[in-house]
Amino acid sequence: MKDLKNKTAIVTGGSKGIGKGIVEKLAKSGCNVAFTYLSSEESAIEIEKLSEKYNVKIKKYKSDASDFNQSSKLIENILDDFDSYDILINNAGITRDNLILRMDEESWKKVIDINLNSCFNLTKCAIREFMKKKKGVIINISSIVGIKGNAGQSNYSASKAGINGFTKSIALELGSRNIRCNAIAPGFIETDMTSKGDGKLLDSWIESIPLKRAGNVDDVANLCVYLASDKGSYITGQIIKVDGGLVT
Ligand code: NAP
C-alpha cells in the first residue's frame with residue numbers, strides 16, 4: 001500500500017542495516033527518500049538505484065550526522081533537490097562497547113556525538129520546514145538498552161536514554177505545531193552492528209526473547225512507515241519497543 005505517496009523523508013545512516021531497510025520500506029510505500037551515509041559509498045550507490053524499482057526519487061548524501069554544520073548544509077541541499085520534506089528519521093548510530101573500567105573518553109564522546117547529538121543537529125535544522133508546513137513527523141531510533149541499561153554499554157545506553165528524553169520533550173514542545181515526535185526502541189535486530197558479538201552470547205540473548213527469534217530490519221521499518229503515515233496521526237511522545245517481548 002502506498003501510504004506515503006508524494007511524501008519525502010530524510011533518513012540518517014541509510015546505507016546499511018536498519019536504515020537501509022527503512023529507506024526501502026519508505027520507497028515501497030511511495031515515499032521519496034533523501035538518505036545519509038558516512039563510509040559505505042558502494043552500498044549507498046546501490047540503494048539509490050532502488051529509485052527505478054519503486055518509481056520514487058532516492059538520493060544519497062555523504063554527511064556526518066554528529067557535525068552541526070554538515071547537518072545544516074545537508075538540509076539546505078535536500079531542500080534544493082526535493083523542494084520540501086515531511087518526515088525525519090534519526091537512525092545513524094554506532095557502538096563502542098566496553099565496561100566502564102576500561103572505557104576511554106573518546107569512546108564515550110564518540111557514541112554520544114553520533115547517537116545523541118546527531119538527533120539534536122538534524123531535528124534543529126529540519127524543523128523550520130515543518131513549522132512552515134504546519135506538519136511534520138520525527139522518528140528517532142533508540143534502543144531497549146536506553147530503557148533498561150546494559151553492562152558494557154554505558155555510553156550507548158546513555159545516548160539512547162538521552163534520545164528518549166529528547167523525543168518526549170520535542171513532542172511536548174512541537175505538538176501544538178502539528179509536529180509529532182516518537183522513538184522506536186528496537187531489541188536485538190540482525191545487522192552488522194549485532195554481528196560483531198560472540199556467537200554463544202547472541203544465542204543466549206535469543207533464548208531470552210519471548211518470541212524466540214532476533215528481529216529483522218523490516219520489523220523496525222514497518223513501524224516507521226506506520227508512524228510516518230497518517231495512520232499514526234494521534235501518536236506522539238512515545239517510545240515504542242520492537243523487541244519480541246524482551247522488555248515488558
Ligand atoms: P549499522 O548496520 O552499523 O548501520 C549504521 C548506519 O549508521 C550506517 O548506515 C552508517 O553509515 C551510519 N552512520 C554511522 N555513523 C554515522 C555518522 N556519523 N553520520 C551519518 N551516518 C552514520 O547499524 P544498525 O544496526 O542498522 O543500527 C541503526 C540504528 O538502530 C542505530 O541507531 C542503532 O543504535 C539502532 N539499534 C540497532 C539495534 C540492533 O540490534 N541492530 C538495536 C537497537 C537499536 P556508514 O556505514 O556509511 O558509515
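Atoms within a ligand are numbered from 1 in the order they appear, just like the ligands themselves.
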Checklist entry - For Tyr156, which residues count as a ring-ring contact (aromatic ring centres under 6.0 Å, His included) partner, sequence neighbours excluded? => result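 Expected list: none.
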Checklist entry - Is the cationic atom of Lys168 (NZ for Lys, CZ for Arg) positioned less than 6.0 Å from the six-membered ring centroid of Phe166 and within 45 degrees of its normal? => result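 Not flagged: Lys168 not positioned over aromatic ring of Phe166.
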Next on the checklist: Looking at Asn155 and Val111, would you say the former's side chain and the latter's main chain have a donor-acceptor pair under 3.5 Å?
Outcome noted: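 Between the backbone of Val111 and the side chain of Asn155 there is no qualifying donor-acceptor contact (under 3.5 Å).
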Checklist entry - Any donor-acceptor pair under 3.5 Å linking the side chain of Gln70 with the backbone of Asp64? => result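 Pair found, side chain donor or acceptor close to backbone of Asp64.
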Next on the checklist: side-chain contact (heavy atoms from CB on, under 4.5 Å) for Cys31 and Ile87? Distances and angles first, verdict last.
Outcome noted: CA-CA 10 Å; Cys31 193; Ile87 301 149; 4.2 Å; yes
Short N or O contacts of ligand 1 with protein, under 3.5 Å, listed by atom name?
from: ligand 1; atom 1: 9 (O); to: Gly13; atom 2: O; distance (Å): 3.2
from: ligand 1; atom 1: 9 (O); to: Ser15; atom 2: N; distance (Å): 3.4
from: ligand 1; atom 1: 9 (O); to: Ser15; atom 2: OG; distance (Å): 2.8
from: ligand 1; atom 1: 9 (O); to: Lys16; atom 2: N; distance (Å): 3.4
from: ligand 1; atom 1: 11 (O); to: Ser15; atom 2: OG; distance (Å): 3.2
from: ligand 1; atom 1: 18 (N); to: Asp64; atom 2: OD1; distance (Å): 2.8
from: ligand 1; atom 1: 19 (N); to: Ala65; atom 2: N; distance (Å): 3.0
from: ligand 1; atom 1: 25 (O); to: Thr191; atom 2: OG1; distance (Å): 2.5
from: ligand 1; atom 1: 26 (O); to: Ile18; atom 2: N; distance (Å): 2.8
from: ligand 1; atom 1: 32 (O); to: Asn91; atom 2: O; distance (Å): 2.7
from: ligand 1; atom 1: 32 (O); to: Lys160; atom 2: NZ; distance (Å): 2.9
from: ligand 1; atom 1: 34 (O); to: Tyr156; atom 2: OH; distance (Å): 2.5
from: ligand 1; atom 1: 34 (O); to: Lys160; atom 2: NZ; distance (Å): 2.9
from: ligand 1; atom 1: 36 (N); to: Tyr156; atom 2: OH; distance (Å): 3.4
from: ligand 1; atom 1: 40 (O); to: Gly187; atom 2: O; distance (Å): 3.4
from: ligand 1; atom 1: 40 (O); to: Ile189; atom 2: N; distance (Å): 2.8
from: ligand 1; atom 1: 40 (O); to: Ile189; atom 2: O; distance (Å): 3.1
from: ligand 1; atom 1: 41 (N); to: Ile189; atom 2: O; distance (Å): 3.2
from: ligand 1; atom 1: 41 (N); to: Thr191; atom 2: OG1; distance (Å): 3.1
from: ligand 1; atom 1: 46 (O); to: Ser40; atom 2: OG; distance (Å): 2.6
from: ligand 1; atom 1: 47 (O); to: Ser15; atom 2: OG; distance (Å): 3.0
from: ligand 1; atom 1: 47 (O); to: Leu38; atom 2: N; distance (Å): 2.9
from: ligand 1; atom 1: 47 (O); to: Ser39; atom 2: N; distance (Å): 2.8
from: ligand 1; atom 1: 47 (O); to: Ser40; atom 2: N; distance (Å): 2.7
from: ligand 1; atom 1: 47 (O); to: Ser40; atom 2: OG; distance (Å): 3.4
from: ligand 1; atom 1: 48 (O); to: Ser39; atom 2: N; distance (Å): 3.1
from: ligand 1; atom 1: 48 (O); to: Ser39; atom 2: OG; distance (Å): 2.9

Item to check | Enclosure of Lys148 NZ (heavy-atom neighbours >12, cutoff 6.0 Å) | outcome: yes
